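Not measured: the values here are computed from a predicted model. Reminder, nothing fancy here: chain letters follow the sequence lines and each chain counts from 1.
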Amino acid sequence: MGRVRLATWNVNSVKARLPRLLEWLELAGPDVLCLQETKVGADGFPTEEVAALGYAVAAHGEGRWNGVALLSRVGLDDVVRGFEGDPGWAGEPAERVREPDDGEEGLFETPRIEARAISATCGGVRVWSVYVPNGRTPESAHYTYKLHWLEALRSRVAGELAGTDRLVVCGDFNVAPTDADVFNPAAFAGSTHVTAPEREALAALLATGLRDVVPAPMKGPNPFTYWDYRAGMFHQDKGMRIDLFYASAAVAEAVKAAYIDREARKGKGPSDHAPVVVDIDL
DNA sequence: ATGTCAACTTAGAGTTGA
């Protein structure tokens, strides 16, 4: 297959980020790019603009929230939107019960599957782009959903690894794997992204046969991929590593370079996440 | 703890989510 550049980037709206996305595609030249938080429905993705740069596109979106996509110039086959076993989101308990209007005991909303995963085969590698639920607070139903969602992902990935040794799962996991992956562990006391159950869910995913490909920072010692827009967090390098690149052993052993492109977080109209770039030679 | 951003409802500022 030769040398291939894979990347993952939470763009925080592909519409708002389109100029930056096109600029970055030309600059970095990834062969495969996993996108998250595209925030567009099925027909809202700027497919033509991206295709003009030589990329095939597979998008999975629902409108205002979430949304994932795969861009590839080395093949894009066997696209799967979502995955078997996704538990879906039913809302907080308080939202789940509707007022009885015609004598019924109350209606419960069934879980709605969100656009958080898409997978395809690109250049001989099975590639997953995932956007893990945020979790909001450890007390919320959204946090429970996050843990269930990660367990369902683990189960499905384990199934795929039985059929291929070339697989990557990358995207915005909304979990910092270790305390070294946040700027100040004390600042995250009581918050999501750092709790033991979330980290155990990542460990269980890795235990299916994946390895964490930790990218090199472009500047400073910390491999952060996300910095809050507020309070000058980026300029103080108060970030987190929550955008992860999990690779099967065969792919991980083929990694030649991996870095975080912090240049893409600078300047006018950036996403709050930076792209993670991984070069492999299979 | 929250100083920004994006989309949406709806016609300007408030809500939601991150």
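Taking the C1' atom of each, B:dT16 and B:dT2 are spaced 16 Å apart, rounded to whole Å. Nucleotides B:dA7 and B:dA11, compared at atom C1', are 16 Å apart to the nearest Å. Here the separation of B:dT15 from B:dG3, taken at their P atoms, is 16 Å to the nearest Å.
Comparing A:T38 and A:M233 by the nucleotide of DNA chain B whose heavy atom lies nearest to each, the residue mapping closer to the 5' end is A:M233. Heavy-atom nearest nucleotides on DNA chain B were determined for A:G63 and for A:S191, and the one closer to the 5' end corresponds to A:S191.
Residue A:S13 places none of its side-chain N or O atoms closer than 4.0 Å to OP1 or OP2 of B:dC5.
Remark: A:R265 is positioned above the aromatic ring of A:F234, its terminal NZ or CZ atom under 6.0 angstrom from the ring centre and at most 45 degrees off the axis.
For the pair A:D279 and A:R3, the salt-bridge criterion is met [side-chain N within less than 4.0 Å of a carboxylate O]. Using a cut-off of 4.0 Å between Lys/Arg side-chain N and Asp/Glu carboxylate O, A:R5 and A:D281 are scored as not salt-bridged.
For the pair A:N184 CG and B:dT2 P, the interatomic distance rounds to 16 Å; values are reported in whole Å. We find that NZ of A:K268 is positioned 13 Å from C1' of B:dC5, with the value rounded to whole Å.
For the side-chain hydrogen bond (donor to acceptor under 3.5 Å, both in side chains) with A:Q36, the lone residue among A:D172, A:N174, A:N10, A:T8 that qualifies is A:T8.
Aromatic pair A:H142/A:W89: centroids less than 6.0 angstrom apart.
Counting heavy-atom neighbours within 6.0 Å of A:E84 CD, excluding the residue itself, gives a total of 12 or less.
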Pairs under 3.5 angstrom, nitrogen or oxygen only, protein versus nucleotides 16-18 of chain B, please.
| from | atom 1 | to | atom 2 | distance (Å) |
| --- | --- | --- | --- | --- |
| B:dA18 | OP2 | A:R136 | NE | 2.7 |

